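Atoms considered below: every heavy atom in the structure, side chains included; atoms not considered: hydrogens, waters and symmetry mates. Indexing begins at 1, ligand by ligand and atom by atom, following the structure's order. As the structure is a computational prediction, the values presented were derived from the model and not from experiment.
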Amino acid sequence: MLRILQINASLHSEQGQSSRLANAFVSSLREQGQTLVMKRDLALDPVPHLDAARFGAFVAKAEARTPAQQAVVTFSDDLINELRAADVLVIGLPLYNFGVPSQLKSWFDHIARAGETFRYTEKGPVGLLEGKKAYVFAARGGLHAGTPRDSQTGFVQTFLNFIGIRDVQFIYAEGLAISEASRNESLAAAQAAIRTHVQDVAAVLETTARAWIAPAVAEAAAA
Ligand SMILES: Cc1cc2nc3c(=O)[nH]c(=O)nc-3n(C[C@H](O)[C@H](O)[C@H](O)COP(=O)(O)O)c2cc1C
């Protein structure tokens with residue numbers, strides 16, 4: 001079984017172009033074999049902004065936490081456990097005002113926890129969520145990929161690498177607000193990229209040899 005965690009970050013929820021592309025990808029993956037999908041729509045189910053009180057809960061000693069702090073830690077633990085259980089992370093990523101949606105940033109802020117998703121070593125921080133693959137569906141009104149204006153790709157890649165997710169694929173749908181022709185062309189290219197990536201996943205599921213499929217999944221498929 002392939003376990004998928006899908007995070008949609010569009011303020012338009014299911015109607016967002018990034019959500020639609022992420023949904024199309026996950027639907028196609030479902031057709032490839034047994035999948036278990038956990039989906040979070042951050043517009044419908046927002047993660048609170050990280051503030052001093054919430055960060056204070058993260059760093060408080062477990063035995064000294066107040067009930068309110070424990071609730072914050074449990075909330076964060078649940079988000080982390082969803083990600084920990086996943087083989088594949090799928091993110092629907094709109095570009096808003098040259099950055100990631102604040103809701104996605106809040107989710108990032110609640111899954112970046114020392115000792116849980118990364119740890120400090122003498123050689124610097126080490127990510128703890130290994131063996132996963134991420135697919136990021138980036139929808140944009142303008143054209144930014146590969147230019148200095150693209151502040152998203154590097155940030156998202158750096159963040160996911162930081163927590164141990166090193167295999168990150170970006171699928172872009174750009175120029176959505178330029179013209180109808182540009183929009184159609186870009187969405188068609190994104191759909192073609194989805195088909196290619198789904199074939200890649202299907203091939204990996206068949207061979208089950210790749211490291212990013214959790215060992216239990218590989219064993220189950222080989223049995
Ligand atoms: C609040 C807001 C801010 C936006 N800022 C940008 C921007 O900085 N650059 C850009 O190219 N497009 C921008 N857009 C266009 C979106 O990137 C585009 O609508 C994309 O489809 C958003 O993804 P979604 O449809 O999944 O929500 C913005 C749209 C909104 C609603």
Side-chain angles (χ1 to χ4, degrees), residues 4-31 35 37-51 79 82-83 86 88-112 132-163 165 167-198 200-201:
I4 302 167
L5 174 63
Q6 182 182 356
I7 304 292
N8 283 356
S10 173
L11 55 83
H12 300 300
S13 194
E14 290 291 282
Q15 301 311 314
Q17 292 295 352
S18 58
S19 310
R20 290 181 192 196
L21 292 169
N23 288 348
F25 179 63
V26 171
S27 294
S28 297
L29 284 183
R30 279 181 189 270
E31 289 165 12
T35 51
V37 181
M38 170 67 204
K39 184 172 178 179
R40 274 196 176 265
D41 184 326
L42 298 179
L44 297 179
D45 194 8
V47 174
H49 282 139
L50 187 63
D51 57 15
L79 297 181
E82 286 171 5
L83 181 54
V88 173
L89 170 65
V90 176
I91 298 178
L93 176 69
L95 180 69
Y96 294 149
N97 300 316
F98 299 98
V100 301
S102 56
Q103 281 302 337
L104 185 69
K105 179 62 166 59
S106 292
W107 184 75
F108 282 179
D109 288 340
H110 280 73
I111 59 168
K132 302 184 194 303
K133 195 170 167 91
Y135 293 90
V136 181
F137 292 88
R140 294 141 175 219
L143 301 172
H144 309 286
T147 77
R149 287 190 310 279
D150 187 356
S151 57
Q152 265 193 337
T153 303
F155 167 63
V156 171
Q157 174 109 39
T158 299
F159 178 81
L160 294 177
N161 289 176
F162 173 71
I163 59 172
I165 304 175
D167 191 345
V168 185
Q169 301 288 329
F170 286 85
I171 297 93
Y172 298 97
E174 290 203 309
L176 298 180
I178 291 176
S179 68
E180 200 177 333
S182 155
R183 185 169 179 274
N184 291 342
E185 196 179 314
S186 180
L187 290 174
Q191 292 290 352
I194 286 174
R195 287 192 288 278
T196 303
H197 286 298
V198 168
D200 289 349
V201 174

side-chain contact (heavy atoms from CB on, under 4.5 Å) involving Ala86 - partner list, sequence neighbours excluded: Leu5
Close residues (non-hydrogen atom under 4.0 angstrom from ligand 1) work out to Ser10, His12, Gly16, Gln17, Ser18, Pro94, Leu95, Tyr96, Asn97, Phe98, Ala139, Arg140, Gly141, Gly142, His144, Leu176
Side chain to side chain contact (heavy atoms under 4.5 Å, CB included) between Tyr135 and Val26, worked out: CA-CA 10 Å; Tyr135 293 90; Val26 171; over 6 Å; no
Step-by-step side chain to side chain contact (heavy atoms under 4.5 Å, CB included) determination, Gln157 to Phe170: CA-CA 9 Å; Gln157 174 109 39; Phe170 286 85; 3.5 Å; yes
Mind checking salt bridge (Lys or Arg N to Asp or Glu O under 4.0 Å) for Asp150 and listing every partner two or more places apart, or none if nothing turns up? Arg140
Which pairs, with at least one residue in residues 100-112 and sequence neighbours excluded, count as a side-chain hydrogen bond (donor to acceptor under 3.5 Å, both in side chains)? Arg54-His110, Lys105-Asp109
Nearest heavy-atom approach of Ser18 to Phe137 is CB-O, 3.5 Å
